[in-house]
Student: 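Before we start, here is the structure in question, set down as structure tokens.
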Amino acid sequence: MERVFTDDAGKNMSAHRRSAHDMQTAPTGGVGDGKVYWHDGIGLLQSTRAAPLDAVDVLVIGSGYTGLHAAIATARGGRSTQVIDTHSPGWGCSTRNGGQISPSIKPTLAELTRKYGAERAMAIRNEGHTSLEWVGDFIKSEGIDCAYRQCGRFHAAHTPAHFRELVEDTERLGREEGVPFEIVSRGDQHKELGTNAYFGGVVLTRHASLDPAKYYAGLLQVAKDAGVAVTGNCPALDVKQEGGGYSVTTPMGQIRAEKVIIATNGYTTDLVPWVQRRVIPIGTYMIATDPLPKALIDRLFPKDRVVSDTCKVIYYYRPSPDRTRVLFGGRVSADETNPAVSGPKLKADMCRIFPELADYGYTHSWTGTVAFTFDTLAHLGQHDGIHYAMGYCGSGIGMASYLGMRLGQQLLGDPDGATAFDGLRFQTRPLYFGNPWFLPSVVRYYRLRDHWQIKRAATRS
Ligand SMILES: Cc1cc2nc3c(=O)[nH]c(=O)nc-3n(C[C@H](O)[C@H](O)[C@H](O)COP(=O)(O)OP(=O)(O)OC[C@H]3O[C@@H](n4cnc5c(N)ncnc54)[C@H](O)[C@@H]3O)c2cc1C
């Protein structure tokens, strides 16, 4: 498979040796998506079919993990399947994320129990654990070479009070859900992470890491082998019910499909306004440092784990799979911004945690848009007969893969496709139409609160 990104993201790649200085002085007029570190490793990804089929059993809109996993399931089930994307295949979050795999269910068992009762709550929590295991098994069984590793996560406490709370919560997780963990005191912290910025943490040993773009490239090959047609630069502009099925308008012509799946997550448009009103698009930002000396990386990440922290506006980071760089991410701005602006802010926050990195620059700064939901759960289901799966709230490597696959099975009428998410109400709010006008003030408040807590904990320690 020749791999060609045909859009602006791809053009950026050819300039991947541009210096950090060039990037920081780049024009900041629009919200460009920057230069993605992972794209260097996969070359360029190309459509498997230049023009879409004009009549299919299943049309999938959106070519990320969700869309491709759904498509692989339907194609393997004998249905002709076409995937289309506005940009080149995998252009969205699925080739630009942090590569950290977790169970991805944000509400706790207690919160879910209050809403849905004990049995359903545990079933939802278990879907998270299943998705984490399932994606690892899928990668192994398909032989996808993507640096997948069950490396464990060090989840660090940004204040002593957060450490106490984290220990309590994690012990409960172990007791109630059988999740294995290790508690790390501040005294032992350097065995996990070369910093004094935190107050201990916990290790969640089942969490994993991978190279997200290599995973995507492998997935695209699996889809192609299963007979899926994937066509980039082909946005769905309109969808209409027609006869027993649907007619979808694209610049490359009409596509008639018996069934339609929307798999557009953070890039959801008003194609189906009902869906757009239920997801909250949020930008998140990353940088990749210059190559670093081996001894430094070994000191900062002695166990090669993925890392996150207890800040409300979370930081997530890790060494690159080849252990030459730090890949550091977070939401560093209240408003959506340009990677040329977010890069220096991320670097400053990274250097607060690792002062040794002040002498090094960064070569890549990029952004992508994830989708949150009002109940912080992912959702799959159908509206007016149009199927969807989305809303992974910032951690969708495992869950988007797993729910995409389950949704594909549901379209086949396969009873294995049933999930604990089926039938959950997909909420919206009055006056919300897809533009999260409330986000900047919420993010601003939480970032200020995190920073104040960090400062106070540092002066008291
Ligand atoms: C910087 C960053 C870091 C992240 N880190 C992590 C992490 O460490 N761990 C983790 O689990 N998750 C992480 N995520 C989230 C994760 O990447 C996503 O949850 C996941 O990739 C979602 O996959 P998807 O297929 O649903 O959506 P996407 O991969 O975003 O794909 C959606 C696609 O829909 C297309 N589209 C939209 N509208 C249309 C239309 N009308 N017609 C045709 N196509 C359309 C878009 O072009 C896009 O390619 C991160 C995300 C970002 C941006």
Side-chain angles (χ1 to χ4, degrees), residues 7 9 33-34 36-38 45 52 59-71 83-104 128 131-132 135 153 207-210 212-213 215-216 219 230-239 248-251 255 260-272 275-276 279 281-287 306-308 314 316-318 327-331 339 342 346 364-372 378 380 388-404 407:
D7 55 7
D33 56 1
V36 181
Y37 172 71
W38 306 111
L45 292 169
L59 174 65
V60 180
I61 300 170
S63 70
Y65 302 144
T66 306
L68 286 196
H69 273 284
V83 177
I84 57 172
D85 201 292
T86 303
H87 303 274
S88 51
W91 172 89
C93 290
S94 298
T95 58
R96 59 180 71 229
N97 62 63
Q100 308 194 357
I101 318 178
S102 61
S104 174
S131 72
L132 174 64
V135 72
R153 169 186 305 278
H207 291 209
S209 65
L210 50 58
Y215 168 43
Y216 183 82
L219 194 60
V230 183
T231 305
N233 299 310
C234 185
L237 303 174
D238 186 37
V239 52
V248 174
T249 307
T250 80
I255 306 172
V260 171
I261 291 177
I262 300 195
T264 50
N265 203 45
Y267 298 95
T268 298
T269 62
D270 62 359
L271 189 65
V272 178
V275 172
Q276 191 186 27
V279 282
I282 302 184
T284 178
Y285 302 85
M286 289 195 77
I287 53 171
V306 297
V307 184
S308 51
I314 199 168
Y316 52 93
Y317 48 97
R318 54 172 288 184
L327 310 177
F328 190 89
R331 166 87 188 192
S342 57
L346 280 169
H364 301 67
S365 175
W366 72 97
T367 181
T369 307
V370 300
F372 271 67
L380 89 169
Y388 59 80
M390 58 182 64
Y392 310 109
C393 300
S395 50
I397 300 174
M399 194 51 91
S401 301
Y402 173 74
L403 285 190
L407 183 56

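Counting convention: from 1, in listed order, for ligands and their atoms alike. None of these values were measured; they are calculated from a predicted model. Count residues from 1 along the sequence.
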Student: Tabulating one pair per line, provide the atom names and distances (0.1 Å) for every N/O atom of ligand 1 that is less than 3.5 Å from a protein N/O atom.
Tutor:
unit_1   : atom_1 : unit_2 : atom_2 : d
ligand 1 : 5 (N)  : G98    : N      : 2.8
ligand 1 : 8 (O)  : G98    : N      : 3.4
ligand 1 : 8 (O)  : G99    : N      : 3.4
ligand 1 : 8 (O)  : Q100   : N      : 3.1
ligand 1 : 9 (N)  : Q100   : O      : 2.6
ligand 1 : 11 (O) : Q100   : O      : 3.3
ligand 1 : 11 (O) : G396   : N      : 3.0
ligand 1 : 11 (O) : I397   : N      : 2.9
ligand 1 : 12 (N) : G394   : O      : 3.2
ligand 1 : 12 (N) : G396   : N      : 3.1
ligand 1 : 14 (N) : G394   : O      : 3.3
ligand 1 : 17 (O) : C93    : O      : 3.3
ligand 1 : 17 (O) : N97    : ND2    : 3.1
ligand 1 : 19 (O) : G396   : N      : 3.3
ligand 1 : 21 (O) : S94    : N      : 3.4
ligand 1 : 21 (O) : S94    : OG     : 3.0
ligand 1 : 23 (O) : S94    : OG     : 3.3
ligand 1 : 25 (O) : Y65    : N      : 3.0
ligand 1 : 25 (O) : T66    : N      : 3.0
ligand 1 : 25 (O) : T66    : OG1    : 3.4
ligand 1 : 26 (O) : T66    : OG1    : 2.7
ligand 1 : 29 (O) : C93    : N      : 3.3
ligand 1 : 29 (O) : S94    : N      : 3.0
ligand 1 : 29 (O) : S94    : OG     : 2.6
ligand 1 : 30 (O) : C93    : N      : 3.0
ligand 1 : 38 (N) : Y267   : O      : 3.4
ligand 1 : 41 (N) : A236   : O      : 3.1
ligand 1 : 42 (N) : T86    : OG1    : 3.4
ligand 1 : 42 (N) : A236   : N      : 2.9
ligand 1 : 44 (N) : T86    : N      : 3.1
ligand 1 : 44 (N) : T86    : OG1    : 3.3
ligand 1 : 47 (O) : D85    : OD1    : 2.6
ligand 1 : 49 (O) : D85    : OD1    : 3.3
ligand 1 : 49 (O) : D85    : OD2    : 2.7
ligand 1 : 49 (O) : G92    : N      : 3.2

Student: In chain order, what residues pass the side chain to side chain contact (heavy atoms under 4.5 Å, CB included) check against A389, with sequence neighbours excluded?
Tutor: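 Once residues adjacent in sequence are excluded, the partners of A389 under the side chain to side chain contact (heavy atoms under 4.5 Å, CB included) criterion are T66, L380, Y392, L407.
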Student: The criterion is side-chain hydrogen bond (donor to acceptor under 3.5 Å, both in side chains); which residues satisfy it with S94, sequence neighbours excluded?
Tutor: none
Student: How would you list, by chain and number, every residue that makes a side chain to side chain contact (heavy atoms under 4.5 Å, CB included) with M390, sequence neighbours excluded?
Tutor: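 For M390, the residues satisfying side chain to side chain contact (heavy atoms under 4.5 Å, CB included) (neighbours in sequence not counted) are I262, T264, N265, T268, V275, V279, Y388, F426.
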Student: Is the backbone N or O of G283 less than 3.5 Å from a side-chain atom of T369, with the two atoms forming a donor-acceptor pair by type?
Tutor: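 Looks like no, no N/O pair under 3.5 Å.
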Student: Ignoring hydrogens and angles, state whether a donor on the side chain of N97 or Y65 is under 3.5 Å from an acceptor on the partner side chain.
Tutor: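 Yes, Y65 and N97 have a side-chain donor paired with an acceptor closer than 3.5 Å.
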Student: Any donor-acceptor pair under 3.5 Å linking the side-chain atoms of Y316 with those of S395?
Tutor: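 Y316 and S395 do not have a side-chain donor-acceptor pair below 3.5 Å.
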